[in-house]
Amino acid sequence: MAKFPSQYELAFQQSLEKLNAAQKQAVENIEGPVLVIAGPGTGKTQILATRIGKILQDTDTPAHGILCLTYTDTGRVEMRNRLFNIIGPAAYRVNIHTFHSFCNEVIQDNISYFGRQSMEAISELEELELFNELLKNLPIESRLKNFKSDINYEVKKVINLYARYKKENWSVEFMNQKIDSYLQDLPTRDEFIYKVNSKNFKKGDLKVGAIKEETEKMEKLREAVNLYPKYEALMREKRRYTFDDMILWVLKAFEENNNILLNYQEKYLYFLVDEFQDTSGSQKQLLQYLIQYWEAPNVFVVGDDDQSIFSFQDANVKNITDFASEYANGLHKVVLTENYRSTQNILDAAKSLIEKNKERFVNIDTTLSKDLVAAKVSLKELDIPPQIIEYPNPANEAICIAHKIEELISSGRTQPSEIAVIFRNHRQVEDLVNYFEKKNIRLNMKRNINILELSFVNKILTLLEYIALEANKEYSGDEKLFEILHFAFFNIPPIDIARLSRQVAQKNFNWRNEKTSLRRAISEEESAVPDLFNTAETSELKRISNVLEELIKASNNVTLQVLFEVVIREAGILNYILNQPDKPWLMEVITCLFKFIKSETHKNPDITLQRLLDMIKTMKSNNIRLNLEKVSASADGVNLVTAHSSKGTEYEYVFLIGCNKNTWDDKKSSGHYDFSMPDNLTSDNYVVDELEEARRLFYVAMTRAKTHLAISYSSNDNSTKVLERSEFVGELIEGTGILEKKEHADENTVSDYLQLQYTNKPIPEIGLIDKSYIDKILENYSLSVTNLNNYLECPIKFYYNNVIRIPAAMSESMAFGSAVHYTLQTLFEKMKTNGNVFPSKEIMLEDFDRFMDRNTELFTKDQLNRRKDYGRKILPPYYDFYVGKWNKIVNVEVNIRNVEVNGVPINGKLDKLEFTGKSVNVVDYKTGRYDNARKKLKPPSGDDKIGGDYWRQAVFYKILLDNEKYNNWNAVSSEFDFVEPVKKDEYKTEKITITNEDIQIVLGQITDTWKKIQNHEFSKGCGKDDCHWCNFVKENHKHVIFHETTEEEEA
DNA sequence: TAAGAGTCACTTTTT
DNA sequence: GTGACTCTTA
């Protein structure tokens, strides 16, 4: 009665014989529901395959009567291969599917019913854009509305919400009802009732504030949920779907059309599901539909509740317990405990950890035991305790581990592919990867390089941005041009660019001159050929000018693909690449970028350069990657894997790194990507315990090791901050009695490593333009508070902004601030000419709109609409709040010049002066949130030696007015008026009381800064990571002098 | 115990 | 921009 070809008959028999007792049970009980709990390394795939063989051998079921569902595609392929090895070609007739490929088949089989053949799966970028569109046109009062930046943080939450919504197969009604009942239930809950008496409330009172806060969150969620039908319509309109839609469509079809369902119910006699703990609500429902046809279905599910680590994808451990209780009668339960992967030491350590979890199947069904026993003969006798190692910081950790790995490989004790470094988050290994590469340790890592983060790519993008700006409006891209001229593709000394740029600024400063620009200045450079009178630089400038002019012209006439090609060729980029040592890599990068442009132009042939650049901007700000696989990722390298993706793998040596609290058990990181949810969404108010899920993840990572496991953490970060080790490490020490060891690398290696990682970045230093030239620039210089702030922040920034005067584009928030200033200035001016009566709110809004409409070039179209809405939202309540209270004896937009203090000429422009007799209160309007400004309002203290910018501004104004000679004003106070509400209808004005000490400090800063400016001390930057100009200098200056940070400069 | 201010960080990944 | 945690104070 052989059912398989003879050579496979033997294979099948052998795999049957190899089974241990528990496995045998799982394989041989082919009738009725079976639940197998299969811990790590217990031969899960093997029993699934063998069981299929058993079914085929013992029954008349045809191969296609078996449905085997897996979660991932890799799982499917592995399953098929394993089965082929046991039963031969019949393996191809067994239906092995992922949930999604199964649904796809159902859809294809019933295409007349579904009728959706022309739809495409939505890409990450498309999805983001679709959601942006969905939320863009919400009414002003919407809780999901975003008025300010290009990234809407709510968008991600809504994306995640809908993903979960689909995975759970929720409905709008269901959610609304749950939200309602949750809100109704709140007042009955302990945490919303005061437990002690105080002067504002007594014991037993409701916490009104807390309930309001929670209600607000729920209403936000409700609004998002209620938008779902609109989202669906938009998806249909764009002819796009997500993978989870496929499952929902099939579920709906099964529900509505009994014939379709019946067809599949009759088709399959045996069901097998792998990784059951990873299935979502909808997937489980799908299975349910298929098997509900039978009273006692032949359904076999395998999973391990302790390895459930994908709850963020809505994988639900509860599916296992639910399954067990649904088929309580006649369910055959098997627990596999013989482990064929690891030594007993490793299994025991893993056990001592996972036992701390309460949500375990063995705690519900206490008749079961899950203690794993080492069963692989070759490992049984090994006694190698796992190690727990503390390093001084991640740098030491990386160095020591690299060293150990080097030794393992060179001693030939193991293959690189049998070594794994397992980590929690990708960014933990960014530095480590560089170091390994430098040490020529071959790596195998799944993650690719995001080329949008490479500075090389960003230079090309800047060039494209410049072309787009200039093509749209002449001379609007000057600040980009300044940077572009510094690129290494060209060969121009930075000092020449600075001189040229200064000339332009000076011409423009004189209002009688026709406005000019850097673009015009370089195009007017005289000669194309170097000769006696023209330097080589001049001719290089001329060449670049010609190229740029050509490109700007071309951008309107050629396709995007052609334009890109021309840019690469003509702008000298190709030439540059060919002269670089890593030219193969740079070529790959260029090709990758070109491929992206090609595919986008393919999707939309009319795409403009501006549109493409906007898309890339969206991708960048939302962390959507443009990936390029670096060739060095090699199959025989050391494996670098995240704990999540390590599931299902095994290695001789496992280094589990970065086991600190902040990466493993802190909950701080969660919650940024999800709305708060009511806790009544499941029948028994089940909510995944985050700490337990993290512990399961740690357990998964540990159980990857066959023989050697090293768990490590750092006592500090790479600077001085103390880090805590993960709770799990403590539990392991307590549970196993293993003692932690301390190790560190030698200091020279560490400082080399840190140098390599740019962690202790040197401060950049630049060459200045001629001394006499700067002197000339500074001849009529007078210090304003903005300039003072700039200098104190970073002398290089000051040099570029205020000496060279690089044309600087106004940011969105600055432009909005100007609009608000203008509106309020006009409001007070009209009041004064109007017999001391403030004009109406409507007139104020008209003024606001007028400014916005006259200055549209400061915004993108989206920004303009958002900011207009925002102004209309905040200005009227601000007006209502203050209109009865404002002091009407005022001067607005007061310019004060020709003031001198301690020999320093200073000046300032004051928003508003309020008079009470001779006493003056200086008012300065601030847009932006009060919370963000609070730090800036503080005088120097502790670490902050220079004090906040707003504080200095207040003191500066006082000094300015005190030393002003013409009016005999008595400056008594400075006040900041925050135009945005702190809370609804609550506004903040912050009065700064200025002490004599404050005045002395700022006077000191003024004279000191003045002296430094006169001495031309702006060549050393602040060196901060986020300083635009310091980074610019580091990136582009070929002759930058670096100097080491000294103590005083650190502050 | 409650509430406000200050501080810190912004995954993981499959179809 | 948001929220969650910690610290301080009453």
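Because only heavy atoms are used, hydrogens play no part in the values below, and waters and symmetry mates are left out as well, while side chains stay in. Naming: A, B, ... by sequence-line order, numbering from 1 per chain.
Contacts of A:N104 with the nucleic acid, taken as non-hydrogen atoms under 4.0 Å apart, are absent. Contacts of A:S645 with the nucleic acid, taken as non-hydrogen atoms under 4.0 Å apart, involve only primed sugar atoms and P, OP1 or OP2.
Rounded to whole angstrom, the span from the NZ atom of A:K145 across to the P atom of C:dG1 amounts to 15 Å. As rounded to whole Å, 18 Å separates atom P of B:dT11 from atom CD1 of A:I309. We find that CG of A:N160 is positioned 12 Å from C1' of B:dT13, with the value rounded to whole Å. Atom-to-atom, CG of A:D665 to P of C:dC5 comes out at 13 Å; the value is rounded to the nearest Å. The distance between atom CG of A:N622 and atom P of B:dC10, rounded to the nearest whole Å, is 17 Å. As a whole-Å value, the separation of A:L69 CG from B:dT14 C1' is 15 Å. In this structure, the CG atom of A:N932 is 15 Å from the P atom of B:dA5, given to the nearest Å. The interatomic distance linking A:D674 (CG) with C:dG1 (C1') rounds to 16 Å, in whole Å.
In summary, of the residues considered (A:K166, A:R164, A:K167), a salt bridge (charged side-chain N to carboxylate O under 4.0 Å, His left out) with A:D244 occurs for A:K167 alone.
Remark: ring of A:F312 overlaps the six-membered base ring of B:dT12 in a stacked fashion, centroids less than 5.5 Å apart, planes less than 30° apart.
Taking every side-chain heavy atom of A:N425 into account, B:dT11 is the closest of C:dA4, B:dT11, B:dT15. Here B:dT15 is the nucleotide among B:dT15, B:dT13, C:dG1 with the atom lying nearest to any side-chain atom of A:H100. Comparing B:dG6, C:dG1, B:dT11 by their closest approach to the side chain of A:R934 singles out B:dG6. Of the candidates C:dG3, B:dT15, B:dT13, C:dG3 carries the atom nearest the A:K157 side chain, counting heavy atoms from C-beta on. Taking only side-chain atoms of A:K220, from C-beta outward, the nucleotide of B:dT13, B:dT11, C:dT2 with the closest atom is C:dT2.
Not one side-chain nitrogen or oxygen of A:R76 sits closer than 4.0 Å to the OP1 or OP2 atom of B:dT15. Contact annotation: A:H97 side-chain N/O to B:dT15 OP1/OP2 distance is not under 4.0 Å. The side chain of A:T98 places no N or O atom within less than 4.0 Å of a non-bridging phosphate oxygen (OP1 or OP2) of B:dT14.
Taking for each of A:M246 and A:L697 the nucleotide of DNA chain B with the nearest heavy atom, the 5'-most of the two is the partner of A:L697.
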Kindly give the atom pairs (protein nitrogen or oxygen, nucleotide nitrogen or oxygen) under 3.5 Å for nucleotides 2-4 of chain B.
{"from": "B:dA2", "atom 1": "OP1", "to": "A:K195", "atom 2": "N", "distance (Å)": "3.2"}
{"from": "B:dA3", "atom 1": "OP1", "to": "A:Y194", "atom 2": "OH", "distance (Å)": "2.5"}

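Ionic pairing of A:R143 and A:E219 is not present here: no N-O contact between side-chain nitrogen and carboxylate oxygen is shorter than 4.0 angstrom. Using a 4.0 Å cut-off between charged side-chain N and carboxylate O, A:R239 and A:E120 make no salt bridge.
In plain terms, the two heavy atoms of A:F147 and A:R866 that are nearest each other are O-CB, 3.5 Å.
Side-chain atoms of A:K936 never come within 3.5 Å of backbone atoms of A:Y950 as a donor-acceptor pair (strictly under, hydrogens ignored). Using a distance-only test at 3.5 Å, with no hydrogens or angles considered, no donor-acceptor pair links the side chain of A:N660 to the main chain of A:S726.
A donor-acceptor contact under 3.5 angstrom links the side chains of A:Y71 and A:Q313, judged on distance only. For the residue pair A:D109 / A:Y264, a side-chain donor-acceptor distance below 3.5 Å is found, with atom types taken as modelled.
No N or O donor and acceptor, one from the side chain of A:R427 and one from the base of B:dT11, sit under 3.5 Å apart.
Across B:dT11 and C:dA4, the matching P atoms stand 15 Å from one another, rounded to whole Å.
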